[in-house]
Visitor: 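After the C-alpha coordinates below, expect a handful of questions from me.
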Amino acid sequence: MGEITSSRYLVQAGWDDVPHLSPEVREELAKEFPAFQRKARTQGIPSLGAGAIYPIEEEVFVVDPFPIPKFWTRSYGLDVGWNRTACIWGAKDHDNDTLYLYAEHYRGQAEASIHAAAIKARGDWIPGVIDPAANGRSQTDGERLLATYINLGLHLVAAENSVEAGIYQVWELISTGRLKVFRNLSNWLAEYRIYRRDENGKIVKKNDHLMDASRYLVVSGVKRGIRAPVQAITREPGAVGAADPVAGY
(Lines give C-alpha, C1' and ligand atoms only; values in the text may rest on other atoms or scores of the structure.)
Protein backbone atom coordinates (compact mmCIF):
# COMPACT_ATOMS: atom_id res chain seq x y z
CA MET A 1 0.00 0.00 0.00
CA GLY A 2 1.23 3.51 -0.82
CA GLU A 3 1.98 6.28 1.62
CA ILE A 4 -1.01 8.02 3.21
CA THR A 5 -1.33 11.55 1.76
CA SER A 6 -3.92 14.29 1.47
CA SER A 7 -5.31 12.50 -1.59
CA ARG A 8 -4.96 8.96 -0.31
CA TYR A 9 -6.46 7.82 2.95
CA LEU A 10 -7.14 4.68 4.93
CA VAL A 11 -10.38 3.72 6.67
CA GLN A 12 -9.89 1.25 9.49
CA ALA A 13 -12.74 -0.11 11.61
CA GLY A 14 -12.78 -2.42 14.59
CA TRP A 15 -14.96 -3.51 17.48
CA ASP A 16 -14.83 -0.05 19.06
CA ASP A 17 -16.82 1.18 16.04
CA VAL A 18 -19.67 -1.29 16.63
CA PRO A 19 -20.95 -0.52 20.15
CA HIS A 20 -23.91 -2.88 19.79
CA LEU A 21 -21.54 -5.79 20.45
CA SER A 22 -21.45 -6.38 24.20
CA PRO A 23 -18.25 -7.48 25.97
CA GLU A 24 -19.79 -10.92 26.41
CA VAL A 25 -20.52 -11.28 22.68
CA ARG A 26 -17.03 -10.04 21.77
CA GLU A 27 -15.42 -12.56 24.08
CA GLU A 28 -17.49 -15.37 22.60
CA LEU A 29 -16.68 -14.35 19.03
CA ALA A 30 -12.97 -13.97 19.80
CA LYS A 31 -12.78 -17.62 20.83
CA GLU A 32 -13.64 -18.61 17.27
CA PHE A 33 -10.74 -16.66 15.71
CA PRO A 34 -7.21 -18.09 15.44
CA ALA A 35 -4.77 -15.99 17.49
CA PHE A 36 -3.06 -14.59 14.38
CA GLN A 37 -6.38 -13.34 12.97
CA ARG A 38 -7.73 -11.60 16.08
CA LYS A 39 -6.30 -8.16 15.38
CA ALA A 40 -7.64 -8.21 11.83
CA ARG A 41 -11.09 -9.36 12.98
CA THR A 42 -11.39 -7.13 16.05
CA GLN A 43 -9.33 -4.01 15.27
CA GLY A 44 -9.19 -3.92 11.47
CA ILE A 45 -5.40 -4.31 11.45
CA PRO A 46 -4.39 -6.15 8.24
CA SER A 47 -2.98 -9.66 8.55
CA LEU A 48 -2.27 -12.47 6.13
CA GLY A 49 -4.44 -15.13 7.70
CA ALA A 50 -3.57 -18.71 6.83
CA GLY A 51 -0.87 -17.59 4.35
CA ALA A 52 1.37 -16.16 7.05
CA ILE A 53 4.64 -18.04 7.46
CA TYR A 54 4.88 -17.08 11.13
CA PRO A 55 1.24 -16.89 12.33
CA ILE A 56 2.15 -15.51 15.74
CA GLU A 57 0.88 -12.21 17.17
CA GLU A 58 3.52 -9.54 17.63
CA GLU A 59 2.62 -9.07 21.29
CA VAL A 60 4.16 -12.48 21.92
CA PHE A 61 7.69 -11.44 20.94
CA VAL A 62 7.92 -7.63 20.55
CA VAL A 63 9.61 -5.88 23.50
CA ASP A 64 10.65 -2.35 24.36
CA PRO A 65 14.34 -1.59 23.64
CA PHE A 66 16.75 -1.83 26.57
CA PRO A 67 20.53 -1.64 27.01
CA ILE A 68 22.14 -4.90 25.89
CA PRO A 69 24.17 -6.48 28.72
CA LYS A 70 27.88 -6.49 27.94
CA PHE A 71 28.24 -10.22 28.53
CA TRP A 72 25.64 -11.24 25.93
CA THR A 73 27.10 -12.50 22.66
CA ARG A 74 26.30 -10.63 19.43
CA SER A 75 26.27 -11.42 15.74
CA TYR A 76 24.32 -10.48 12.62
CA GLY A 77 22.75 -11.87 9.47
CA LEU A 78 23.24 -10.12 6.12
CA ASP A 79 21.13 -10.35 2.96
CA VAL A 80 22.60 -8.46 0.01
CA GLY A 81 20.96 -7.09 -3.12
CA TRP A 82 21.09 -3.97 -5.26
CA ASN A 83 17.45 -3.07 -4.71
CA ARG A 84 17.68 -3.80 -0.99
CA THR A 85 20.44 -4.83 1.37
CA ALA A 86 19.33 -5.81 4.85
CA CYS A 87 21.19 -6.65 8.03
CA ILE A 88 19.77 -7.74 11.38
CA TRP A 89 21.73 -7.81 14.64
CA GLY A 90 21.04 -10.28 17.41
CA ALA A 91 22.19 -10.54 21.04
CA LYS A 92 21.97 -13.89 22.84
CA ASP A 93 20.97 -14.15 26.50
CA HIS A 94 22.53 -17.52 27.24
CA ASP A 95 21.16 -17.69 30.78
CA ASN A 96 17.60 -17.73 29.43
CA ASP A 97 18.38 -19.20 25.99
CA THR A 98 16.78 -16.18 24.29
CA LEU A 99 17.84 -14.27 21.18
CA TYR A 100 17.02 -10.56 20.96
CA LEU A 101 16.95 -8.78 17.58
CA TYR A 102 18.02 -5.28 18.50
CA ALA A 103 19.19 -3.33 15.40
CA GLU A 104 18.66 -3.31 11.64
CA HIS A 105 20.22 -1.88 8.46
CA TYR A 106 17.86 -1.49 5.49
CA ARG A 107 18.99 0.34 2.38
CA GLY A 108 18.76 -0.07 -1.37
CA GLN A 109 20.82 0.98 -4.39
CA ALA A 110 24.12 1.62 -2.66
CA GLU A 111 27.63 0.26 -3.13
CA ALA A 112 29.09 -2.45 -0.91
CA SER A 113 31.37 0.11 0.74
CA ILE A 114 28.34 2.11 1.92
CA HIS A 115 26.70 -0.93 3.48
CA ALA A 116 29.96 -2.08 5.04
CA ALA A 117 30.51 1.31 6.68
CA ALA A 118 27.01 1.28 8.14
CA ILE A 119 27.46 -2.25 9.46
CA LYS A 120 30.85 -1.51 11.03
CA ALA A 121 29.40 1.59 12.70
CA ARG A 122 27.23 -0.72 14.79
CA GLY A 123 30.27 -2.54 16.11
CA ASP A 124 33.16 -3.44 13.82
CA TRP A 125 34.03 -6.35 16.13
CA ILE A 126 30.70 -8.14 15.65
CA PRO A 127 30.84 -11.24 13.41
CA GLY A 128 28.18 -12.00 10.82
CA VAL A 129 26.93 -14.48 8.25
CA ILE A 130 25.84 -13.92 4.66
CA ASP A 131 24.12 -16.07 2.06
CA PRO A 132 26.82 -16.76 -0.59
CA ALA A 133 24.20 -17.15 -3.33
CA ALA A 134 21.74 -14.45 -2.25
CA ASN A 135 19.20 -12.95 -4.63
CA GLY A 136 19.72 -15.51 -7.37
CA ARG A 137 23.48 -15.06 -7.72
CA SER A 138 25.60 -18.02 -8.66
CA GLN A 139 27.77 -19.62 -6.00
CA THR A 140 30.87 -18.12 -7.67
CA ASP A 141 29.41 -14.60 -7.70
CA GLY A 142 28.33 -15.06 -4.10
CA GLU A 143 31.83 -16.05 -3.04
CA ARG A 144 33.23 -12.96 -4.78
CA LEU A 145 30.69 -10.80 -2.97
CA LEU A 146 31.68 -12.41 0.33
CA ALA A 147 35.32 -11.65 -0.42
CA THR A 148 34.42 -8.04 -1.23
CA TYR A 149 32.76 -7.50 2.13
CA ILE A 150 35.59 -9.23 3.98
CA ASN A 151 38.07 -6.93 2.24
CA LEU A 152 35.94 -3.99 3.43
CA GLY A 153 36.51 -5.08 7.02
CA LEU A 154 33.49 -7.24 7.88
CA HIS A 155 33.94 -10.47 9.86
CA LEU A 156 31.78 -12.65 7.63
CA VAL A 157 31.39 -16.30 6.72
CA ALA A 158 28.87 -17.99 4.45
CA ALA A 159 25.59 -18.93 6.09
CA GLU A 160 23.79 -22.22 5.77
CA ASN A 161 20.78 -21.69 3.52
CA SER A 162 18.33 -24.49 4.05
CA VAL A 163 15.16 -22.41 3.66
CA GLU A 164 12.44 -24.61 5.16
CA ALA A 165 14.63 -25.89 7.97
CA GLY A 166 15.65 -22.31 8.75
CA ILE A 167 12.07 -21.08 8.77
CA TYR A 168 11.17 -23.87 11.17
CA GLN A 169 14.00 -22.90 13.52
CA VAL A 170 12.87 -19.26 13.55
CA TRP A 171 9.25 -20.27 14.10
CA GLU A 172 10.23 -22.57 16.96
CA LEU A 173 12.15 -19.78 18.69
CA ILE A 174 9.29 -17.28 18.33
CA SER A 175 6.58 -19.71 19.39
CA THR A 176 8.49 -20.82 22.49
CA GLY A 177 9.37 -17.29 23.60
CA ARG A 178 13.06 -17.63 22.83
CA LEU A 179 13.20 -14.93 20.15
CA LYS A 180 12.32 -11.33 20.98
CA VAL A 181 12.32 -8.28 18.71
CA PHE A 182 12.86 -4.66 19.72
CA ARG A 183 9.80 -2.56 19.05
CA ASN A 184 11.73 0.08 17.09
CA LEU A 185 12.73 -2.33 14.29
CA SER A 186 10.07 -0.93 11.99
CA ASN A 187 11.38 -2.48 8.77
CA TRP A 188 11.65 -5.94 10.33
CA LEU A 189 8.11 -5.73 11.65
CA ALA A 190 6.78 -4.46 8.31
CA GLU A 191 8.29 -7.48 6.54
CA TYR A 192 7.08 -9.88 9.22
CA ARG A 193 3.48 -8.77 8.68
CA ILE A 194 3.52 -9.67 4.98
CA TYR A 195 5.88 -12.66 5.01
CA ARG A 196 3.71 -15.33 3.42
CA ARG A 197 3.19 -18.25 1.09
CA ASP A 198 1.18 -18.14 -2.11
CA GLU A 199 -1.75 -20.41 -2.94
CA ASN A 200 0.72 -23.11 -4.00
CA GLY A 201 2.58 -23.02 -0.72
CA LYS A 202 5.63 -21.25 -2.12
CA ILE A 203 7.25 -18.36 -0.27
CA VAL A 204 6.45 -14.99 -1.83
CA LYS A 205 9.92 -13.62 -2.62
CA LYS A 206 9.15 -9.95 -2.20
CA ASN A 207 10.04 -7.61 0.66
CA ASP A 208 11.57 -10.44 2.66
CA HIS A 209 15.19 -9.31 3.01
CA LEU A 210 15.18 -8.97 6.79
CA MET A 211 13.29 -12.24 7.07
CA ASP A 212 16.06 -13.96 5.13
CA ALA A 213 18.75 -12.20 7.16
CA SER A 214 17.05 -13.32 10.38
CA ARG A 215 17.01 -16.91 9.14
CA TYR A 216 20.75 -16.76 8.40
CA LEU A 217 21.35 -15.32 11.86
CA VAL A 218 19.34 -18.01 13.65
CA VAL A 219 20.74 -20.94 11.67
CA SER A 220 24.39 -19.89 11.37
CA GLY A 221 25.06 -16.57 13.06
CA VAL A 222 24.18 -17.11 16.71
CA LYS A 223 26.86 -19.75 17.17
CA ARG A 224 29.43 -17.23 15.88
CA GLY A 225 28.40 -14.61 18.41
CA ILE A 226 31.02 -13.06 20.69
CA ARG A 227 31.04 -10.69 23.63
CA ALA A 228 32.10 -7.08 23.22
CA PRO A 229 35.87 -6.64 23.59
CA VAL A 230 37.00 -4.44 26.46
CA GLN A 231 37.86 -1.46 24.26
CA ALA A 232 34.35 -1.46 22.83
CA ILE A 233 32.61 -1.21 26.20
CA THR A 234 34.84 1.11 28.23
CA ARG A 235 34.54 4.38 26.31
CA GLU A 236 33.61 7.40 28.34
CA PRO A 237 30.03 8.71 27.90
CA GLY A 238 29.98 11.43 25.28
CA ALA A 239 33.34 10.45 23.81
CA VAL A 240 33.72 10.12 20.07
CA GLY A 241 32.48 6.68 19.13
CA ALA A 242 30.89 6.09 22.54
CA ALA A 243 28.55 3.14 22.66
CA ASP A 244 24.81 3.65 22.32
CA PRO A 245 23.19 2.45 25.59
CA VAL A 246 20.45 0.52 23.77
CA ALA A 247 21.91 -0.73 20.50
CA GLY A 248 25.32 -1.12 22.10
CA TYR A 249 27.54 0.50 19.47
Side-chain angles (χ1 to χ4, degrees), residues 3 53-54 56 58-69 72-93 98-131 134-135 145 149 152-156 159 161 166-167 169-171 173-174 178-196 203 205-222 224-226 228 232 243-249:
E3 181 182 359
I53 290 178
Y54 303 127
I56 302 171
E58 293 175 22
E59 285 78 1
V60 172
F61 59 85
V62 172
V63 299
D64 292 328
F66 58 83
I68 301 295
W72 288 9
T73 58
R74 306 191 200 194
S75 52
Y76 62 84
L78 177 62
D79 184 70
V80 176
W82 177 248
N83 290 326
R84 186 69 58 187
T85 288
C87 186
I88 189 74
W89 281 262
K92 180 69 177 289
D93 173 4
T98 301
L99 175 66
Y100 288 82
L101 305 185
Y102 67 90
E104 63 181 20
H105 169 70
Y106 202 68
R107 179 171 177 175
Q109 301 183 356
E111 302 299 330
S113 58
I114 302 298
H115 298 302
I119 292 169
K120 289 192 291 184
R122 287 167 167 81
D124 58 7
W125 52 271
I126 302 175
V129 292
I130 182 176
D131 177 17
N135 297 292
L145 184 61
Y149 276 101
L152 288 169
L154 300 188
H155 306 289
L156 281 172
N161 190 20
I167 286 175
Q169 287 187 46
V170 174
W171 175 83
L173 290 182
I174 298 175
R178 292 180 291 144
L179 188 147
K180 305 293 184 181
V181 179
F182 278 14
R183 194 178 306 279
N184 59 342
L185 301 189
S186 58
N187 294 301
W188 193 97
L189 291 171
E191 285 196 4
Y192 178 86
R193 292 164 188 152
I194 62 171
Y195 194 38
R196 66 198 187 277
I203 298 170
K205 293 302 297 176
K206 185 177 181 181
N207 298 323
D208 62 347
H209 310 284
L210 283 167
M211 296 296 99
D212 284 348
S214 298
R215 178 163 49 82
Y216 307 148
L217 172 63
V218 167
V219 173
S220 305
V222 173
R224 295 198 71 227
I226 62 174
D244 180 278
V246 173
Y249 54 82

Visitor: Step by step, work out the side chain to side chain contact (heavy atoms under 4.5 Å, CB included) result for Ile88 and Tyr76.
Guide: CA-CA 5 Å; Ile88 189 74; Tyr76 62 84; 5.9 Å; no
Visitor: Please assess Arg193 against Trp188 for the test side chain to side chain contact (heavy atoms under 4.5 Å, CB included), listing each intermediate value before the final yes or no.
Guide: CA-CA 9 Å; Arg193 292 164 188 152; Trp188 193 97; over 6 Å; no
Visitor: Taking the six-membered ring for Trp and the single ring otherwise, decide whether the centroids of Tyr102 and Phe66 are under 6.0 Å apart.
Guide: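 No, the ring of Tyr102 stays outside the 6.0 Å limit from the ring of Phe66, centre to centre.
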Visitor: Measuring from Tyr192:OH to Ile174:CD1, what's the distance to the nearest 0.5 Å?
Guide: 5.0 Å
Visitor: With a sphere of 6.0 Å drawn around NZ of Lys205, does it hold more than 12 non-hydrogen atoms of other residues, nucleotides or ligands?
Guide: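 Buried by this count: over 12 neighbours within 6.0 Å.
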Visitor: Go through Leu210 and Leu185 one step at a time and tell me if the side chain to side chain contact (heavy atoms under 4.5 Å, CB included) criterion holds.
Guide: CA-CA 10 Å; Leu210 283 167; Leu185 301 189; over 6 Å; no
Visitor: If you measure from CZ on Arg183 to CG on Leu189, what distance do you get to the nearest 0.5 Å?
Guide: 8.5 Å
Visitor: Can you check whether Met211's main-chain N or O pairs, donor with acceptor, with Glu191's side chain at less than 3.5 Å?
Guide: yes
Visitor: May I ask you to check whether Asn161 and Arg215 show a side-chain donor-acceptor distance below 3.5 Å?
Guide: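 Asn161 vs Arg215: donor-acceptor pair found between side chains.
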Visitor: I'd like to know if the side chain of Arg122 reaches the main chain of Glu104, judged simply by a donor and an acceptor atom lying under 3.5 Å from each other, with no hydrogens or angles considered.
Guide: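 Judged by distance alone, yes, a pair lies under 3.5 Å.
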Visitor: Minimum heavy-atom separation for Arg84 and Gly108, please, with both atom names.
Guide: NH1-N, 3.5 Å
Visitor: As a quick check of understanding, evaluate side chain to side chain contact (heavy atoms under 4.5 Å, CB included) for Leu152 and Ile119, giving each step before the final call.
Guide: CA-CA 11 Å; Leu152 288 169; Ile119 292 169; over 6 Å; no
Visitor: Between Tyr54 and Tyr195, what is the ring plane arrangement, given parallel below 30°, perpendicular above 60°, and tilted in between?
Guide: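 Correct class here is tilted.
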Visitor: Could you give the distance from CD1 (Ile68) to OH (Tyr100), rounded to the nearest 0.5 Å?
Guide: 8.5 Å
Visitor: Find out whether Lys180 and Val62 are in side-chain contact, i.e. whether some heavy atom of one side chain is under 4.5 Å from a heavy atom of the other.
Guide: no
Visitor: To the closest 0.5 Å, what do you measure between CD1 (Ile130) and CG (Leu154)?
Guide: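 Interatomic distance, Ile130 CD1 to Leu154 CG, rounded to 0.5 Å: 8.5 Å.
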Visitor: Do His209 and Tyr106 have side chains that get closer than 4.5 Å, going by heavy atoms?
Guide: yes
Visitor: Looking at Tyr216 and Ala159, what are the two nearest heavy atoms and their distance?
Guide: CB-CB, 3.8 Å
Visitor: Can you confirm whether Asp212 sits close enough to Asp131 that some side-chain heavy atom of one is under 4.5 Å from a side-chain heavy atom of the other?
Guide: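 SC-SC contact between Asp212 and Asp131 ruled out.
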Visitor: Between Trp171 and Ile53, is there a side-chain heavy-atom distance shorter than 4.5 Å?
Guide: no
Visitor: Has the side chain of Arg224 got a donor or acceptor atom that lies under 3.5 Å from a matching backbone atom of Gly128?
Guide: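 A pair under 3.5 Å: yes.
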Visitor: To the nearest 0.5 Å, what is the distance between CG on Leu179 and CD on Gln169?
Guide: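 Nearest 0.5 Å value for the CG-CD distance: 11.5 Å.
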Visitor: Please tell me if the side chains of Trp89 and Leu101 come closer than 4.5 Å, counting only heavy atoms from C-beta onward.
Guide: no
Visitor: Does Lys92 reach the main-chain N or O of Ser75 with its side chain, forming a donor-acceptor pair under 3.5 Å?
Guide: no
Visitor: On a heavy-atom basis, which atom in Gly225 and which in Pro127 lie closest, and how many Å separate them?
Guide: CA-CG, 4.4 Å
Visitor: Between His155 and Trp125, is there a donor-acceptor pair closer than 3.5 Å when you use the side chain of the first and the backbone of the second?
Guide: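 Checked: no pair found.
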Visitor: Rounded at 0.5 Å granularity, tell me how far CG in Leu78 sits from NE2 in His115.
Guide: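 Rounded to the nearest 0.5 Å, the CG-NE2 separation comes out at 8.5 Å.
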